[in-house]
Amino acid sequence: MITIIGSTWKELLRKRVMLLTLLMTVIFLFAFWFVAKTIGASLHDGTYNPSDMQYIIAVYERSTMILSVGFFFGSFVIAFLSIFSSFSVIAGEAEQGVLQALMTRPLSRLSWYMGRWIGFVSWGIGYAALLFISILLVSWAHAGIPGDIVSLMRSSALFIFVVPLLVSLSMLGSCHFSSTGNGVLMTMLYGAGWLGGMIEKVAGSIQIEQNIAIKPLLTIAGIMSIVMPADSLQNRMQAELFAVNELQGLVNLKSLFSIFGVGQVPSNAFLMYSAGYMLIMLLLGLWSFRRKDL
């Protein structure tokens, strides 16, 4: 299995998936630096007195605005890296005849599948952790970082958890669909989950959740989040990072976050559902690969 994990990393380097991702990340962080500098400029121009309570609130507001923008786009980077690194892992190699050659050796299908899964997931987790720290550092340089070490650890775990969830679903799809079909399917599923989260954010920001005409739309948005929990996990991640529950009465969070922010915060039950969802997708992928005709 270790050999399969190593070959997965080498494949990502050979296909230049990670190289292109890192290049685009550098461009993103470069642009994000100037956005964060603009948002946090008023904290350093003498507008606020550092000993005043208004300054503390302003620091929180600026840092949450910066991080909301950063993680809004950072979540897309993590999602597409997870999807496009693994969407053709089975269908593509089966079409090229690679799997037929490998499976004739004393290598079980379980070991091969788990080796590939661990390879993609470990690579994605490493990148997600690097991106998470980079976004925090940019915010710290221009405004600060809300929360304590506990909230940072919780939010980082939620940010990273999207990687194994998407890789599990992508590898399952690769057992049943062609490379192109699976790539399209995964992109549409992620887009549907993102759209569901966006509907909830817009509804919350303009306070129309009690409108009877909107309730069916919110129901559809909830179904989208259940089918694809990735965006909801990002909402919970930001809620943990910004301590939303503790600061509800102190700042106007809806106007502060707008469409870049939290939306409806998923419950602990939803986190358990997401963990079970990921595990089921992984087990279904193993079962499908064992039965697949290579």
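With sequence neighbours left out, the side-chain hydrogen bond (donor to acceptor under 3.5 Å, both in side chains) criterion links Trp33 to no other residue. For Ile160, the side chain to side chain contact (heavy atoms under 4.5 Å, CB included) criterion is met by Ile125, Ala128, Ala129, not counting sequence neighbours. Every residue meeting the side chain to side chain contact (heavy atoms under 4.5 Å, CB included) condition with Thr187, not counting sequence neighbours, appears here in chain and number order: Phe80, Phe84. For Thr25, the side-chain hydrogen bond (donor to acceptor under 3.5 Å, both in side chains) partners are Tyr127, not counting sequence neighbours. Scored by the side chain to side chain contact (heavy atoms under 4.5 Å, CB included) test, Ser75 finds Tyr190, Gln234 as partners (sequence neighbours excluded). Legend: residues meeting side chain to side chain contact (heavy atoms under 4.5 Å, CB included) with Leu284, ordered by chain and number and at least two apart, are Leu172, Ile280, Met281. Residues passing the ring-ring contact (aromatic ring centres under 6.0 Å, His included) test with Phe32 are Phe28, sequence neighbours excluded. Scored by the side-chain hydrogen bond (donor to acceptor under 3.5 Å, both in side chains) test, Ser151 finds Asp148 as partners (sequence neighbours excluded). Listed by chain and number, the residues in a side-chain hydrogen bond (donor to acceptor under 3.5 Å, both in side chains) with Ser82 amount to none (sequence neighbours excluded). Looking at residues two or more places apart in sequence or on another chain, you find a ring-ring contact (aromatic ring centres under 6.0 Å, His included) between Phe34 and Phe30.
Within the 3.5 Å criterion, the main-chain N or O of Ile90 finds a donor-acceptor partner in the side chain of Ser174. Asp231 places no side-chain N or O within donor-acceptor distance of the main-chain N or O of Ser225, the cut-off being under 3.5 Å. A distance-only check finds a donor-acceptor pair linking the side chain of Asn182 to the backbone of Phe87 [under 3.5 Å]. No donor-acceptor pair under 3.5 Å is formed between the side chain of Ser86 and the backbone N or O of Val89. Counting only distance, with no hydrogens or angles, the side chain of Ser139 and the backbone of Leu136 share no donor-acceptor pair below 3.5 Å.
Closest approach of Pro266 to Ser232, counting heavy atoms only: CG-O, 3.1 Å. The nearest pair of heavy atoms linking Ser168 to Pro164 is OG-O, 2.7 Å. Closest of all the heavy-atom pairs between Gly74 and Leu131 is O-CD2, 3.7 Å. Here the closest heavy-atom approach between residue Ser274 and residue Pro229 is recorded as OG-CB, 3.6 Å. The minimum heavy-atom distance linking Gly119 with Trp9 is given by the pair O-NE1, 3.2 Å. Heavy atoms only, all atoms of each residue included: Ser68 and Phe242 are closest at OG-CE1, 3.6 Å.
Annotation: Phe76 is not in aromatic contact with Phe73 [ring centroid separation under 6.0 Å not met].
Distance check: Ser156 OG to Arg154 CZ gives 11.0 Å after rounding to the nearest 0.5 Å.
Leu110 and Trp287 sit in two unconnected hydrophobic clusters of ILVMFWY residues. Membership requires side-chain heavy atoms under 4.5 Å apart, directly or through other members. In the hydrophobic cluster analysis, where Ile, Leu, Val, Met, Phe, Trp and Tyr join through side-chain heavy atoms closer than 4.5 angstrom, Met188 is grouped apart from Tyr277. The hydrophobic cluster containing Leu130 does not contain Leu12, counting ILVMFWY residues as joined when their side-chain heavy atoms lie under 4.5 angstrom apart, directly or transitively. Grouping the Ile, Leu, Val, Met, Phe, Trp and Tyr side chains by contacts below 4.5 angstrom, directly or via other members, places Val227 with Trp194. Under the 4.5 Å side-chain heavy-atom criterion for Ile, Leu, Val, Met, Phe, Trp and Tyr, Phe132 and Trp140 are members of the same hydrophobic cluster.
Counting only heavy atoms from C-beta outward, the side chains of Gln238 and Thr64 never approach each other to under 4.5 Å. Using a 4.5 Å cut-off on side-chain heavy atoms (C-beta onward), Leu158 and Leu271 make contact. Using a 4.5 Å heavy-atom cutoff, the side chains of Ile39 and His142 are not in contact.
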**OP:** Start with the C-alpha gap between Met237 and Phe71, add the side-chain angles, then the distance that decides, and say whether side-chain contact (heavy atoms from CB on, under 4.5 Å) holds.
**Re:** CA-CA 10 Å; Met237 180 273 293; Phe71 286 122; 3.8 Å; yes

Subject >> Residues Tyr273, Ile226; criterion side-chain contact (heavy atoms from CB on, under 4.5 Å); working and verdict >> reply: CA-CA 9 Å; Tyr273 162 79; Ile226 291 175; 3.1 Å; yes

Subject >> Worked check of side-chain contact (heavy atoms from CB on, under 4.5 Å) between Met114 and Ile4 >> reply: CA-CA 9 Å; Met114 288 305 301; Ile4 300 299; over 6 Å; no

Original post:
Would Arg116 and Val167 count as a side-chain contact (heavy atoms from CB on, under 4.5 Å) if you check the C-alpha gap in whole Å, the side-chain angles of each, and the deciding distance to 0.1 Å?
Top reply: CA-CA 10 Å; Arg116 297 291 266 173; Val167 170; over 6 Å; no

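The hydrophobic cluster around Ile133 extends to Leu137, counting ILVMFWY residues whose side-chain heavy atoms fall within less than 4.5 Å of a member.
Applying the salt bridge (Lys or Arg N to Asp or Glu O under 4.0 Å) test to every pair with at least one member in residues 126-139, sequence neighbours left out, gives no pairs at all.
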